[in-house]
Amino acid sequence: MFEFLKKKIDSFKEKFTQKVEETPAEETKEIQKPIEEKKTQETLQKEISETYPEPVKEEIIQEKPKEFIEEKKEINQEPDYDFAGEKKTAEEVLEKETEKRELKAKVSLGKKITGFFTGKIKLTEKDLTELLFELELSLLEADVQQETATEIIEELKKEVEGKEIKKGTETDFLKESIKIVLEKIMNTEEIDFNKMLEEKKPLKILFLGPNGVGKTTSIAKLTKSIQRKGKTVLLASGDTFRAGSIEQLEEHAKKLEVKVIKHNYGADPAAVAFDAVKSAEAKGINAVLIDSAGRQNTNKNLLEELKKIDRVIKPDLKLYVGEAFTGQALVQQAKEFNEKISIDGFILTKIDSDTKGGTAISLLHQIKKPILFIGTGQRYEDLTEFHPKYIINRII
C-alpha cells in the first residue's frame, strides 16, 4: 500500500541527508582557503584607474561634483562613495575601499567558523532547487495532481529553506517538515460521523459515484460498521437503472439481516428514497443508506435524478465513492459531482491495492471535503475511518 510514493519519499530523504552532510564539509574547506575576495593594493589601484577619469585621479575634486557623480554612474552603476560637496583624492578612495573589503571578508569568515563549530547549517534555495524538482516529478508519478504537487513543493521549501539544521538530525527534521506540509495540504473540514449517528434519527446517507467502484459493497460495509455500534439500518435501492442492482443490494441485506426498500426497475429513485425515509421514521431506524445509479461519466439525466433525490429527502450526508488507485480520473469526476450536487465527503475503496498513494492527497487538496472511510479489503469488516495520518505514517 502506497509503496511507490513511500519509495520516492525515502529517496528524497536520502538525498536531502547527503546534501546536509556535504554542506559543513564545504564550509570547513572554505576556512582553509585564503580569502580570495580580499584584493591587493595593486588590484584596487588598477580598478580605480579604470573606474575614474584621468583628471580626477590627478586632481582634488572641487568643482562640479554633481556632474562627476553622473559621469561615475555611467562608468560604474553603483558608486561606492558620495562625492557631492566633499573633497576626495584617489588615495582616500583607495583607503576606504580597502577597509570595506577587509570588513566584508572578516564577516564572511566569521559566519563560516560559526557554522563549523556549532555543527549547524542552512540550506539555500540553490541547494534545494534540484532536490525539490526531483521530488515534484516523483509526486506526479505517484498520481498527485499537478497543482497539488506544486503547492507541496512550495510549502516544503518554506519549511526547509534557511532553517538551521544540526548535523545528525537532518532525517528527523525533514520527516517533521514533510508531515507539517502534508497535514496542511490535506486539511479539510471535519465531519464527526459517530456524533451525527447519535443525533440524527434516521441519519440519511446518499451514496454517489460511477458504476463499478464498489458503491453497493461500501453500503454493505458501512451497514456492518453501524450495526457494530448497536444501531439499526435500513437500505434503499435507489439504482433502478442498472440491471441486477436491486438483487445485488438484496443479497447483501440478507447476509446482514436488514431490510431493503425497493421499487421496480425504471421507477423514480426519489420515490424509493422517500419511502425508505418514511419507513425508517415510523420504525425508529437509526440510519437509512440510499444507493443511487451511476455512470462512467456525469450526464444531464443522471444529475437531474440525483438532484431530485437531494430535494425530496434532504440527505444528511452525500458520500462520493471512488477507487483509490484511479488517480486523475477520480479527482475530475468528484469535482464534477461536487459542482453539480455538492458532496459532503468520500469513501475510497480498494485502498489496499493503491501502490502509489497520490490520489487521496490530491482529492483532499483539490475538493477540500473529508474522506470519511476507506475500504481495506473484501470483508464487511474491512471499512476503516480515515484520517490523513493514515497516509502520512505510511509514506514518511
Which heavy atom of [X] sits nearest a heavy atom of [Y], and at what distance?
{"X": "K308", "Y": "A270", "value": "CG-CB, 3.8 Å"}
{"X": "G294", "Y": "N211", "value": "O-ND2, 2.9 Å"}
{"X": "E305", "Y": "A293", "value": "OE2-CB, 3.5 Å"}
{"X": "S218", "Y": "T349", "value": "OG-CG2, 3.3 Å"}
{"X": "T216", "Y": "R242", "value": "OG1-NH2, 4.0 Å"}

Counting only heavy atoms not in [X], do more than 12 sit closer than 6.0 Å to its [atom1] atom?
{"X": "F133", "atom1": "CZ", "answer": "no"}
{"X": "K175", "atom1": "NZ", "answer": "no"}
{"X": "K13", "atom1": "NZ", "answer": "yes"}
{"X": "E257", "atom1": "CD", "answer": "no"}
{"X": "K389", "atom1": "NZ", "answer": "no"}
{"X": "E130", "atom1": "CD", "answer": "no"}

Q) In terms of ring plane angle, is the pair F193 and F373 parallel, tilted or perpendicular, where the classes change at 30° and 60°? A)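 Aromatic pair F193/F373 classed perpendicular.
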Q | Residue of the set M196, K231, E198 for which side chain to side chain contact (heavy atoms under 4.5 Å, CB included) holds with L203 | A |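 Output: one option passes, namely M196.
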